[in-house]
Each structure stands twice: as C-alpha cells, then as structure tokens.
Amino acid sequence: TKYIFNNSNKIKINSKDIKKNDIFLALKGKKYHGNKFISEAFNFGAKYCITDKKYKDFKNKENILFVKNIYSYLKNISIQKRSLFNGEVIGITGSAGKTSLKEYLSFFLKKKYKVSASIKSYNNHLGVMISILNMNINSNFAIFEIGTNNFNEIKNLTKMVKPSQVFITNILTTHLENFKNKKNIALEKSDIFKKKYNPNANRLFFQMNSEEEKIISSMAKKEKLKSVIKTGNVGLDCYIKNIKQYKSKYYIGLKILNKNFLFILKEYENYQINNLIFVLAFCLINKINTNFIFQKNIKFPKIDGRGA
C-alpha cells in the first residue's frame with residue numbers, strides 16, 4: 001500500500017502493459033482470471049501482483065498480495081490515497097467530449113504545473129479507482145473523468161474523487177440507455193457538484209445551449225457554488241464572438257469572462273474551440289496567466305479515439 005501511495009502510474013490491469021516495477025492487478029475477466037497472466041507480468045518486470053484468487057505458482061509468492069475482494073481493497077486504498085492529495089482536483093463529466101477536454105486541460109496546464117490525469121477513457125468505477133491510485137500525490141492538479149451508464153453512478157464516483165472544480169461538457173442523447181431522456185441525464189450529471197455527495201465542490205464550468213443544460217444551471221444555484229461559468233451561446237460567460245476566414249487562415253474571436261481572445265488557425269474542429277474555451281475559462285477563474293497558451297502557432301494535443 002505504501003508503495004502505491006508513494007509512486008504514480010504503477011497500477012496496470014493488462015499484463016502486456018507492464019513495465020519495470022509496475023503492479024499487476026489480476027482481475028476476473030470475461031474469459032480468464034488475471035491469475036493466468038501473473039507469471040507473464042513478473043517476466044515483464046512487475047514488482048508486485050494483487051489478486052483475490054489463490055495462485056498455485058509459488059515462484060514469486062512474497063511479491064503476490066492476496067486480498068479477500070480485490071474491488072473492496074482497491075476502493076479502500078483509493079479513498080486513502082485521495083485523502084493524501086492536497087492539490088486541486090478537477091472532475092469532468094458530460095455526454096461526450098470528456099476525454100478530449102481532459103487531454104486539453106492536461107496538455108496546457110503541464111506547460112506550467114505538475115499534472116496527474118487519468119489515462120484513456122478511464123471513467124467507470126474500476127477506471128476511476130485506478131486513476132486515483134496512479135496519481136502523483138505531489139501534483140498541482142489531478143484530472144479525472146467521471147462517466148455513467150445508470151442512475152447513482154456519478155454520485156458514487158464523485159464521493160471517491162471529491163473534485164473541487166467540475167466540468168460538464170454537454171448533455172446529449174449519445175448514451176441514453178437507462179436514462180430514457182436528456183432531463184434524467186442532466187439530473188444524474190449534476191450529482192457531481194452536489195454538496196451532499198461532494199462537499200469540496202466550489203466551481204462549475206458547463207455548456208448551456210439546450211433546455212436540459214439549463215436544468216444544470218438551476219441545480220447549481222441551489223448548491224451556492226463559489227463560481228458557475230456558462231459556455232455556449234452568445235451572451236453567456238464564454239462564447240465564440242466570430243470566426244472569419246482570410247486567405248488560408250481562420251481568425252477566431254472568443255469572449256471569455258469579459259476578456260477578448262483572438263486565435264489564428266490554419267484549420268480547426270468545433271470540439272477544439274469548445275475545449276479551448278473551457279481551458280481559458282479555467283485559467284482566468286484560477287488566476288493562471290494565459291500567455292503560455294499563446295504561442296506563435298498554437299498547438300492542440302492529438303486525441304486518440306476522439307469522441308469519448
């Protein structure tokens with residue numbers, strides 16, 4: 001446990017991802033139990049393996065931790081590790097764009113600060129626990145995605161992450177599934193900033209273009225958050241003022257909390273501008289100088305498997 005607390009990015013669930021001194025979690029999969037891959041994990045350089053199923057190969061017995069229930073164990077130690085972190089915790093939820101926004105925040109903040117961020121789209125129960133256990137407790141910022149496919153999942157994950165600054169990217173019909181309608185999605189997502197689940201919540205950044213997204217606004221009022229920043233349509237706190245094309249370049253004017261910004265790009269996609277608006281709003285609210293974002297040619301991070 002001490003080794004997990006004092007290190008970062010050591011926990012792996014795929015034996016093929018193991019590097020020297022990593023920890024392999026032997027989880028039960030659809031076809032096989034992770035115990036089948038323990039010897040492979042050690043061959044790749046794992047320092048420890050954690051399992052809740054008896055393991056017959058005694059070769060590395062002293063480096064195998066047997067626990068009663070691996071999920072309960074992970075939950076307990078992730079709560080402990082989260083309590084050791086004194087930096088700023090950012091939680092991102094929404095129907096789409098969680099992963100890309102996380103990558104943008106991480107990309108730009110890393111230019112000035114030490115940042116821990118969840119990998120890939122690690123936003124379910126297991127993913128969030130692994131992300132907490134993999135964070136560097138000496139970071140200035142820790143960024144987590146928080147996803148849901150069903151009611152009450154956001155509140156349960158939020159209780160573990162306890163983000164002080166929250167982003168809700170949008171409310172769409174992308175993952176309706178059990179929710180039936182967008183109103184229910186909005187209500188579920190709003191649990192991320194409710195004080196009864198997350199007493200740390202004090203800042204909310206969210207897109208407010210649809211009626212369902214307006215529900216989030218009224219919920220936020222009840223919670224008396226320190227700051228509520230609305231992005232989207234003209235007249236809100238943050239929006240696109242204009243986009244002009246001249247020769248082979250686009251001139252993009254943004255209004256962010258009463259400040260004007262101008263970016264010149266050769267090409268762009270809408271999600272890039274939406275993410276940039278969120279990043280700029282975050283920096284201004286947190287009194288972070290935005291000059292590091294303005295380089296001669298602004299570069300955006302490359303997003304693998306965009307759309308998450």
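FYI, the numbering just counts along the sequence from 1.
- For Lys249, the NZ atom sits in a loose shell: 12 or fewer heavy atoms of surrounding residues, nucleotides or ligands are nearer than 6.0 Å.
- The neighbour count for Lys75 NZ, taken as heavy atoms of other residues, nucleotides or ligands under 6.0 Å away, does not exceed 12.
- In this structure, the side chain of Asn134 engages the main chain of Ile11 through a donor-acceptor pair within 3.5 Å.
- One finds a salt bridge joining Lys12 and Asp22 here, because a Lys/Arg side-chain nitrogen approaches an Asp/Glu carboxylate oxygen to under 4.0 Å.
- Side-chain atoms of Ser164 do not come within 3.5 Å of backbone N or O of Asn202 as any donor-acceptor pair.
- At least one donor-acceptor pair under 3.5 Å links the side chain of Ser210 to the backbone N or O of Glu213.
- At least one donor-acceptor pair closer than 3.5 Å links the side chain of Ser116 to the backbone N or O of Asn136.
- In this structure, Lys183 does not pair ionically with Glu211, as no charged nitrogen and carboxylate oxygen lie closer than 4.0 Å.
- Taking the charged nitrogens against the carboxylate oxygens, Glu145 and Lys102 do have a contact shorter than 4.0 Å, which makes a salt bridge.
- In this structure, the side chain of Lys189 engages the main chain of Gly94 through a donor-acceptor pair within 3.5 Å.
- For Gln165 (side chain) and Arg203 (main-chain N/O), no donor-acceptor pair under 3.5 Å exists by modelled atom type.
- Counting heavy atoms from C-beta outward, Ile4 and Lys10 have side chains that stay 4.5 Å or more apart.
- Judged purely by atom type and a 3.5 angstrom limit, Thr169 uses its side chain to pair as donor or acceptor with the backbone of Ala96.
- Using a 4.5 Å heavy-atom threshold, the side chains of Tyr104 and Gln272 count as touching.
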